[in-house]
> 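Input: one structure, supplied below.
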Amino acid sequence: MSALYSLLAVLALVAAGLEGGRTGAGRDALTLIVPYAAFTIFLAGFCVRVLRWAWAPVPFHIPTTCGQQKSLPWIRQAKVDNPSSKWGVLARMAAEILLFRSLFRNNRARMAEKRLILGESKFLWLGALAFHWALLLILLRHLRLFIQPVPAWVNGLERLDGFLQIGAPQLYISDVILLAALAYLLYRRFRDPAVRYISLFTDYFALFLLLAIAVSGVLMRYFVRVDVLSVKQFALSLAAFRPVDLRALSPLFLAHLLLVCTLAAYLPFSKLMHMGGIFLSPTRNLANDSRRKRHINPWNYPVKKHTYAEWEEEFHDKLVAAGIPLEDEDAGKAHTD
Amino acid sequence: MRDRIWIVAGLAVFVALITAPFWRARRDVGDLAKLPVLTLPANQTQCVAPVAYMRASHMKLLMAWRYQVVREDERKYVAFNGKVYQKNLTETCLGCHNKEQFCDRCHAYAGVPSPYCWSCHNQPQAGASAVSAAALQPQAQPAPGARRSPDRLLSRMSGWPVSPVPRRAQ
Amino acid sequence: MSAEQAILQRWIERTLKSYPDGMAGFLGEERDPFRNPVGHTLRENLTTLLQELMGTMDQKRVAPALDALVRMRAVQNFSPAEAVRFVFGLRQAVFEVSGAVPDSLATRIDELALMAFDQYMSCREQIFELRAKEIRRRAQYAAFEEGEEP
Amino acid sequence: MQEKLIQIEQEPPRGDWRDPHVEFHKGAMCYSAAAKNLTYLGLPNPRTWQPTDSNWKLPPDWKKIILAGMKERLKKYRSFRLFMDICVRCGACADKCQFYLGSADPKNMPVARAELMRSIYRRYFTLTGRIFGSLAGGRELTEDVIKEWYSYYYQCTECRRCSVYCPYGIDTAEITMMGRELLTLIGCNINWVMEPVANCYRTGNHLGIQPHGFKDSIDFAANEASEITGLKIEAPINRKGAEVLFVMPSADYFATPHYYTLLGYLMLFHQIGLDYTVSAYASEGGNFGFFASHELMKRLNAKIYDEAKRLGVKWILGGECGHMWRVLHQYMDTMNGPADFLEVPVSPFTGTVFENARSTKMVHICEFTADLIHHGKLKLDPSRNDHWRVTYHDSCNPARGMGLLEEPRYILHQVSRRFHEMPENTIREQTFCCGSGAGLGTDENLEVRLRGGFPRANAVRYVKQKHGVNLLTCICAIDKATLPTLLEYWVPGVEVGGVHELVGNALVMTGEKERTTDLRGEPLASAALPASGEMEAVHA
């Protein structure tokens, strides 16, 4: 049900984008109000969310250790999976964020009959990694629309992405990968009963939304061409807070824009905040040095204890009978029995 | 507690990166509205297809031409208005347009540098002489009557009539 | 695929269906014996049982295979009937593949079912014994706590 | 007709997990905490009840208490707030939980276990949840939700295996700990946790053994060690001025097979001449408070530093125990430190400075012994362990909360000649839990434990069939207490022992008499096991 609802929600957005530009008021809303509002919500929401995490302290030092600790000098430490220094933590976080290290642990490639067997769980890692990197590349490529003159590195990325030189406009590999990865992630959510069991509206909604964005973008680039010059002019004018009404913006572009704005505005309220949260995860971003350095809990408070004095008083006679030394006895005498 | 400063710093970097286009755009605000100034051909008033189509999809036309010429030996192109052209980038296109003053300017603006057309084709020496320069401004939508394509969905999504992509010059 | 393989496939699928929806897929697909002990146990021992039912009914192979299956299902929140029902699943699997269940095989399946029931009971008894043992050990602690000698 | 009968299938109910529904089965649930234990500890809502009752006698304002408790914890624990927010439900954790693998109950997937809490978080603490309710993944807090929490937060051993595979490091142990803290606020505890906590608070150890009983046990062990070796081995208690305070889990001096490990410690300490003492006041290293709330953990843990200070020792040595070391390694210094009255631990025999324990001043016995062996301070005769074919079970907390992986292996390689690892994806940080940790090691939920322990047992069976393994060593008191039952059911013929039991066997002591039996009183292996070839079993 939640899958259906979220699909309907995304389709409604697509329809609103396609049809909304037919009237002047609608176009104003789509090209002016929505982008600014979405961007503001995104920035403010993102910051609030991260700051709220930041302001909750990390009372205890709880890294999950995934390798040998640093203990005796002759035992080889797993410096990345069980870091004891800042650099180790940096390496661990980098592996986590850039390569999805933990998901990869899932990934135990096996050689069987001289062939590499990749099971189901490996595809999750591959799909997730492919999706995120492709998305990043695509976002960076979009900078060509927001920056004038276009920086050389953005052009470089484009050239890299289109190095297959298929067709004109050139086919971007990232587009293909993004679509394939999204399709796989969606397929997996439907097909794997365990994942289906836990999937919520928001899980499907995010996937459908991203898929709709990707499809509309691909359509615009390869099939229903839009006038890139107008788009760029529009993007630059937005960035300069001097929006111009551009009649040449096509309905498809408006739909794409609306979907992207929805994603941006929705992000701070959703699980997509994992993009910021991963940096803060206390099981990953702490060095395993809790015995070497004292970790401070800002709200540490005194608790009720059963003190030694109370204990000795309660068991006094039994202690004496058993010959266990008491507090005020001479320490040396205690060890006689 | 001490990590707050790192988190806030990281967040600040993130916000700065995200908003960079805004700062940049505000700095160069004067130039932004300016689309590239193109040098239009002096001797022609009409391209091989409507301007709106050419702006968005000229590469598709070129690719179709290449295929038809190289694979099918089809060299004649009948335009939307009935005029007949040679399918020839160097002769037909560059006969009117100047690479540096026409193609490259938009390409640079849109961030599509140096398509691989230029690995084979050169600007002919006696290139078109530039007479009138005009800033490229958005064109009004073509009149509904101009629609030729039966493909209404595509034309609605793109906002202008699906162009006469030449399948076969006939 | 030979008929025997087809039968086995169906038998395994039927048995997997006794697990909750979310689980059956994983149990059926993940082949690593250590990541998926339940699925592995099912696959391996159902295979052995089928070979023996079709073959010589070697008790040295049948008993451990049946034990492994029943021992597992005896702790998995199944009712006694559900726990041993998988044996009858074979009858259905054979019927689906070959259209009829030979009398000799049917008899063997019935026999196997009875064995499974015995095995189930002995596992349950063992669980109760183990519990009783732990409780006894606890009672010893309690006695010790009161100050008596262990 | 026959056709029809056969076709009856058990299709599991395809429900939405958000409709809370729990049935408590005898054999698969834990009994409630006795009122006297809660009263003694001053905890809320002591009463007589059982989870099978329809009325749980919750306090009238229980809902307010839970929501206020959640709010407070969201402010105090970044882990809690973050883990509530960022899960993407990718499902990577699902098949990593031994309870899910063993029970096939989808609510035992770590992600689902966390969603039981997240749905409440979303409904009451997020904007979208408050507006959109169930569409945003929220649900109402009802008594059934509390029952569900009770059932599933007491079916999690806080072993952190899921956390290893989570791309964001979401640690279900953190969520389970919060769930149990919230349940503690309204008096929904299990007795197997609260009784040890109350005992420990009063007497100093989980079993409630009083000082004289403690002394009897220790003396008994010292005598037995003396008898085995023919030496006079003593174990000082509450001795002021010793260099080292030794703290072990109470099971070591009371339960078997832990007891043999204690013999091993005593013999080791005697042989090297360690200047140490044990304490009757801080006679427990393990900490069941950890399984109820951070506050209870701190209340129990405080005794160790207090006692070290009172006795005037220089540093502290800790025995073989799993969650004890999670607490000592990751919580003790923060909660009850700084231990500035102690000195940085230095091994008096090798001069090794334990830099990694510079602040906490507490060293793991395996670190200590490995250092001794590495410096050639011990004479070992591994042939005395030849009757054992040994494997090693990484206990969850030392593995995933500390990273103590190689030290015990180094020791085992030195004291045993027949060591075989279990398959790679079931050991070290990927180790499977015994299924009985975090206060679940009781008899009333034996079936849950047997299911949860199945993946571990499955790996043990593999090495038993392949290498003839007959001893599973581990460094955790709960493992030693519960794995024997588990293995008796799943892999009969494999015993459970401690690493220092094997050290005690192999240790050649100055002036000792010739040993004919091991610490268990079983004859040494001149009657050796059949060679490995004969034991080789056919295994696919």
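Everything quoted here is computed from the prediction, not taken from an experiment. Chain letters run A, B, ... following the sequence lines, proteins first and then strands; every chain starts at 1. The figures that follow rest on heavy atoms only: side chains count, while hydrogens, waters and symmetry mates do not.
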> Please classify the contact between B/A108 and chain A as side chain, backbone, both or neither, with a heavy-atom cut-off of under 4.5 Å.
backbone
> Locate the shortest heavy-atom distance separating B/P21 from A/A239; write the atom from each residue and the value.
O-CB, 4.0 Å
> For the atom pair CH2 (A/W55) and CD1 (B/I7), what is the distance rounded to the nearest 0.5 Å?
8.0 Å
> Given heavy-atom pairs under 4.5 angstrom as the criterion, report whether the side chain, backbone, both or neither of A/R159 touches chain B.
side chain
> Can you find a heavy atom in the side chain of B/Y109 that is under 4.5 Å from one in the side chain of A/Q233?
yes
> Taking CH2 in B/W6 as the centre, count heavy atoms belonging to other residues, nucleotides or ligands within less than 6.0 Å. Is the count above 12?
no
> Does the side chain of B/V15 reach to within under 4.5 Å of the side chain of A/F46, using non-hydrogen atoms?
no
> So for atom NE2, which belongs to A/H274, do other residues, nucleotides or ligands contribute more than 12 heavy atoms lying within a distance under 6.0 Å?
yes
> Could you tell me if the side chain of B/R24 sits less than 4.5 Å from the side chain of A/F146, heavy atoms only?
no
> Start with the C-alpha gap between B/L11 and A/F279, add the side-chain angles, then the distance that decides, and say whether side-chain contact (heavy atoms from CB on, under 4.5 Å) holds.
CA-CA 11 Å; B/L11 193 61; A/F279 290 90; over 6 Å; no
> So with a 6.0 Å cut-off around CZ of A/R221, is the heavy-atom count from everything else above 12?
yes
> Find the distance between CZ (B/F22) and CG (A/L43) and round it off to the nearest 0.5 Å.
8.0 Å
> For A/L280, is it the side chain, the backbone, both, or neither that has a heavy atom closer than 4.5 Å to a heavy atom of chain B?
side chain
> Please report the interatomic distance CD(A/Q170) to CE(B/M59), rounded to the nearest 0.5 Å.
11.0 Å
> Indicate yes or no for a side-chain donor-acceptor contact from B/K60 to the backbone of A/P169 under 3.5 Å, with no hydrogens or angles considered.
no
> Do B/R55 side-chain atoms and A/D227 backbone N/O form a donor-acceptor pair below 3.5 Å?
no
> What's the shortest heavy-atom distance between B/R4 and A/A54, and which atoms?
NE-O, 3.3 Å
> Counting heavy atoms not belonging to B/Y67, are there more than 12 under 6.0 Å from its OH?
no
> In the structure I gave you, are the side-chain heavy atoms of B/F14 and A/V50 within less than 4.5 Å of one another anywhere?
no
> Does a side-chain heavy-atom distance below 4.5 Å link A/L51 with B/V8?
yes
> Using non-hydrogen atoms and a 4.5 Å limit, figure out which bit of A/V228 sits close to chain B: side chain, backbone, both or neither.
side chain
